[in-house]
Each structure stands twice: as structure tokens, then as C-alpha cells.
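Along the sequence shown, the residues carry numbers beginning at 1. Treat the numbers as computed from the prediction; the structure is a model and nothing was measured.
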Amino acid sequence: MNPSSLHKDIKQSLRLLMNGVAAQSLRDKGMDYHLNWGANLLHLREMASQYEPSLELATLLWTDNIRECKILATILMPVGEFSEDLAMKWISETPTQEIAEIASKQLFSQVPYAKSLALHLITSADMMPQLYGYCILGSLSNLSPEEKQQIILQANNTINDTTLPIGLRHSAHNAMLRIENA
């Protein structure tokens with residue numbers, strides 16, 4: 001089956017995973033998608049296991065303003081084909097903190113350039129790149145003592161800046177805790 005047919009098949013299959021209560025809760029929390037089926041990550045991973053990872057399919061899924069399609073895109077993107085330019089494009093197109101956290105864990109922390117990308121992202125002036133950076137760093141285990149110290153200092157600055165969104169400060173705090181306890 002070609003990527004376009006698979007894309008259509010996946011979108012039709014998402015209806016079977018619908019959880020109205022979860023979808024409403026996400027909408028109430030301000031997660032504004034064109035469609036939101038309220039499917040949980042476990043079910044989406046099971047669904048993704050039926051498909052071969054594919055750059056074309058993941059790219060098609062990412063372009064949909066559907067929560068579950070964006071999550072599936074992060075699972076079905078082949079790590080070896082996920083370029084740094086495409087990573088930056090996806091970061092700029094990320095609609096919510098939830099997607100950033102899932103994408104960071106599922107995909108961004110798995111790429112060979114994860115550490116350098118994350119260290120770059122936490123110095124950004126924009127919230128979403130910083131959020132990605134902290135989420136990625138919290139998943140890495142190959143940090144040097146100097147890098148850990150640098151990240152902890154940056155995270156402390158973020159945590160203590162009360163003008164920043166609480167979600168970003170929370171991500172910085174989580175990354176700092178994981179790094180300190182690694």
C-alpha cells in the first residue's frame with residue numbers, strides 16, 4: 001500500500017480508538033485540534049506496530065491537525081531519516097506541550113544529534129524549542145559532568161523565571177531532576 005492509502009487507512013481506523021471523555025477533557029484543557037479522538041498512547045503504539053516506519057507516511061500524518069496523527073507520526077518516523085532540518089520544522093509546527101513531550105520521548109531523543117539539538121534548543125528565546133530541549137535532555141543518559149552542570153544552571157534559571165509559562169518551568173524541573181538522579 002502506498003503512503004497516501006496508508007494515511008487514509010490510519011485516519012479511518014482512529015475512529016475505533018475514540019474516547020469521548022478523554023477527548024472532551026483535552027479540549028477543556030485548551031488542546032485545540034481539528035480532530036481529537038482522545039486515544040491513549042498505548043493504543044496508538046499498538047496501532048503503529050501494524051505499519052512499517054516511513055518518512056512519507058510520518059510526514060503525511062504530521063501535516064494533519066489531528067492529535068492522534070501527530071503522535072503516530074512521531075512513532076512511525078524512521079529515526080535514521082529524521083533530519084535536523086525536519087526536526088526544526090516539526091518543532092516550529094508543534095501545537096501543544098503534550099505533542100512536544102511525546103515527540104521528544106518517542107523520536108527526538110533517539111536521533112544521533114539529540115544532545116547537540118537539545119543543548120541548542122534550551123537557549124532559544126521561544127518557549128516550544130526550550131520545552132523540546134528540556135524534554136529531550138531528560139531522556140538522555142550520555143551527558144558529561146560539564147554538560148550536566150550547564151543544563152542544571154540553565155534549568156534553574158528557567159524554573160526561577162516566573163514570567164515563563166508553568167509548563168516550560170515544569171519541563172525544566174523534570175529534566176533537572178532526571179539529570180541529577182542519573
A.B. asks: Could you pull out the closest heavy-atom pair between Ser92 and Lys89, with the gap in Å?
C.D. replies: OG-O, 2.7 Å
A.B. asks: Would you name the heavy atoms of Ser139 and Cys135 that are closest together and state the gap between them?
C.D. replies: OG-O, 3.4 Å
A.B. asks: Is there side-chain contact between Tyr132 and Thr94, with heavy atoms separated by less than 4.5 Å?
C.D. replies: yes
A.B. asks: Which pair of heavy atoms, one from Pro3 and one from Leu57, lies closest together, and at what distance?
C.D. replies: O-CD1, 3.7 Å
A.B. asks: Working to the nearest 0.5 Å, report the span between CE of Met77 and CD of Gln106.
C.D. replies: 13.0 Å
A.B. asks: Output the distance between atom CG (Leu55) and atom CG (Leu76), rounded to the nearest 0.5 Å.
C.D. replies: 11.5 Å
A.B. asks: Using the rule that Ile, Leu, Val, Met, Phe, Trp and Tyr join whenever any side-chain heavy atoms are under 4.5 Å apart, tell me whether Ile71 and Leu60 fall into a single cluster.
C.D. replies: no
A.B. asks: Would you tabulate the side-chain donor-acceptor contacts of residues 116-126 under 3.5 Å, counting partners in other chains and residues two or more places apart, or write 'none'?
C.D. replies:
residue, atom, partner, partner atom, Å
Ser116, OG, Tyr113, O, 3.1
Thr123, OG1, His120, O, 2.7
Ser124, OG, Asp126, N, 3.0

A.B. asks: Has Ser109 got a side-chain atom pairing as donor or acceptor with Ile136's backbone, closer than 3.5 angstrom?
C.D. replies: no
A.B. asks: Quiz question: by atom type and distance under 3.5 Å, do the side chains of Ser54 and Glu52 form a donor-acceptor pair?
C.D. replies: no
A.B. asks: Where do Thr162 and Arg169 land on the side-chain contact (heavy atoms from CB on, under 4.5 Å) test, with the steps shown first?
C.D. replies: CA-CA 8 Å; Thr162 57; Arg169 294 167 54 210; 3.9 Å; yes
A.B. asks: Checking Phe108 against Trp90 for the ring-ring contact (aromatic ring centres under 6.0 Å, His included) test, could you report, in this order, the C-alpha distance in whole Å, the side-chain angles of both residues, the deciding distance, and whether it holds?
C.D. replies: CA-CA 10 Å; Phe108 285 76; Trp90 280 25; 7.0 Å; no
A.B. asks: Using the rule given for side-chain contact (heavy atoms from CB on, under 4.5 Å), can you reason through Asp85 versus Met88, listing the C-alpha separation, both sets of side-chain angles and the distance that settles it, and then say yes or no?
C.D. replies: CA-CA 5 Å; Asp85 287 339; Met88 293 305 293; 5.7 Å; no
A.B. asks: Can Leu164 be reached from Leu153 by stepping across I, L, V, M, F, W or Y side chains whose heavy atoms are under 4.5 Å apart?
C.D. replies: no
A.B. asks: Where do Tyr134 and Met176 land on the side-chain contact (heavy atoms from CB on, under 4.5 Å) test, with the steps shown first?
C.D. replies: CA-CA 8 Å; Tyr134 285 120; Met176 186 176 73; over 6 Å; no
A.B. asks: Within the structure provided, determine whether Ile66 and Leu61 are in side-chain contact (heavy-atom separation under 4.5 Å).
C.D. replies: no
A.B. asks: Quick check: is Leu177 connected to Ile152 through a chain of hydrophobic side chains (ILVMFWY, heavy atoms under 4.5 Å apart)?
C.D. replies: no
A.B. asks: Could you check whether any side-chain heavy atom of Glu68 comes within less than 4.5 Å of a side-chain heavy atom of Met47, counting everything from C-beta outward?
C.D. replies: no
A.B. asks: Side-chain contact, heavy-atom cut-off 4.5 Å: Gln97 with Ser171?
C.D. replies: yes
A.B. asks: Under 4.5 Å between any side-chain heavy atoms of Lys70 and Thr96, yes or no?
C.D. replies: no
A.B. asks: Tell me, do Leu14 and Cys69 make a side-chain contact under 4.5 Å, heavy atoms counted?
C.D. replies: yes
A.B. asks: Does any part of the side chain of Leu131, heavy atoms only, come nearer than 4.5 Å to the side chain of Met128, both counted from C-beta?
C.D. replies: yes
A.B. asks: From Lys11 NZ over to Lys8 NZ, what is the distance, rounded to the nearest 0.5 angstrom?
C.D. replies: 10.0 Å
A.B. asks: Is there a side-chain contact between Ile99 and Trp62, using heavy atoms and a 4.5 Å cut-off?
C.D. replies: yes
A.B. asks: Could you tell me whether the side chain of Lys115 and the main chain of Asn142 form a donor-acceptor pair under 3.5 Å?
C.D. replies: yes
A.B. asks: Measure the spacing between CG of Asn65 and CD of Glu93 and express it to the nearest 0.5 Å.
C.D. replies: 11.0 Å
A.B. asks: How long is the straight-line distance from OG of Ser4 back to CD of Glu56, given to the nearest 0.5 Å?
C.D. replies: 10.0 Å
A.B. asks: Given 3.5 Å as the limit, does a donor-acceptor pair link the side chain of Arg67 with the main chain of Ala39, or not?
C.D. replies: yes
A.B. asks: To the nearest 0.5 Å, tell me how far Asn160 CG sits from His173 NE2.
C.D. replies: 10.0 Å
A.B. asks: Take atom NZ of Lys148 as the centre, draw a 6.0 Å sphere, and report whether it contains more than 12 heavy atoms from other residues, nucleotides or ligands.
C.D. replies: yes
